[in-house]
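Note: hydrogens, waters and symmetry copies are ignored here, and every other heavy atom, side chains too, is used. Just so it is clear, the structure is predicted and the values come from calculations on it, not from any experiment.
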Amino acid sequence: MSTPQQPHPLLAFPGADGPGGAPVCSAKGCREAAVWVLAWNNPKLHTPDRRKTWLACEEHREHLSGFLGVRGFLKDVVALSEWAD
């Protein structure tokens, strides 16, 4: 039995595309261009190698990182321009 291929993390994120198809920040109500990828996983739900992603603009990077970090979910923060799966 084959394993279904996972979609690219940025394409899998609901609402990731803003005007012109540009990725937008994941912060509630923010429509600014995303410049950071926050890779995370919830160890109670996901295998250790699985990574979920949130996108962040400059203004919300610290807030979203803190939200994930305090829960022990944040694994990495990478510039969107350098993100590769």
TODO: Output all residues satisfying side-chain hydrogen bond (donor to acceptor under 3.5 Å, both in side chains) with Thr47, sequence neighbours left out; order by chain, then residue number.
DONE: Asp49

Open item on the list: Restricting to side chain to side chain contact (heavy atoms under 4.5 Å, CB included), what partner residues turn up for Glu62, sequence neighbours left out?
Closed with: none

Open item on the list: Tell me whether Asn41 contacts the main-chain N or O of Arg50 through its side chain, where contact means a donor paired with an acceptor under 3.5 Å.
Closed with: yes

TODO: Not counting sequence neighbours, which residues clear side-chain hydrogen bond (donor to acceptor under 3.5 Å, both in side chains) with Glu58? List them please.
DONE: Trp36

Open item on the list: I need the Arg51 CZ to Leu38 CG distance, nearest 0.5 Å.
Closed with: 12.5 Å

Open item on the list: Could you report the tightest heavy-atom contact between Pro23 and Leu55, atom names first, then the distance?
Closed with: CB-CD1, 3.7 Å

- [ ] Just do the side chain to side chain contact (heavy atoms under 4.5 Å, CB included) check on Glu59 and Arg61 with the steps written out, would you?
- [x] CA-CA 6 Å; Glu59 181 180 348; Arg61 175 188 174 190; over 6 Å; no

For residues 67-79, dump all side-chain donor-acceptor pairs below 3.5 Å to protein atoms at least two apart in sequence or in another chain.
{"unit_1": "Arg71", "atom_1": "NH1", "unit_2": "Phe67", "atom_2": "O", "d": "2.7"}

Task: With Ala27 via side chain to side chain contact (heavy atoms under 4.5 Å, CB included) - residues at least two apart - done: Cys25, Cys30, His60, Leu64

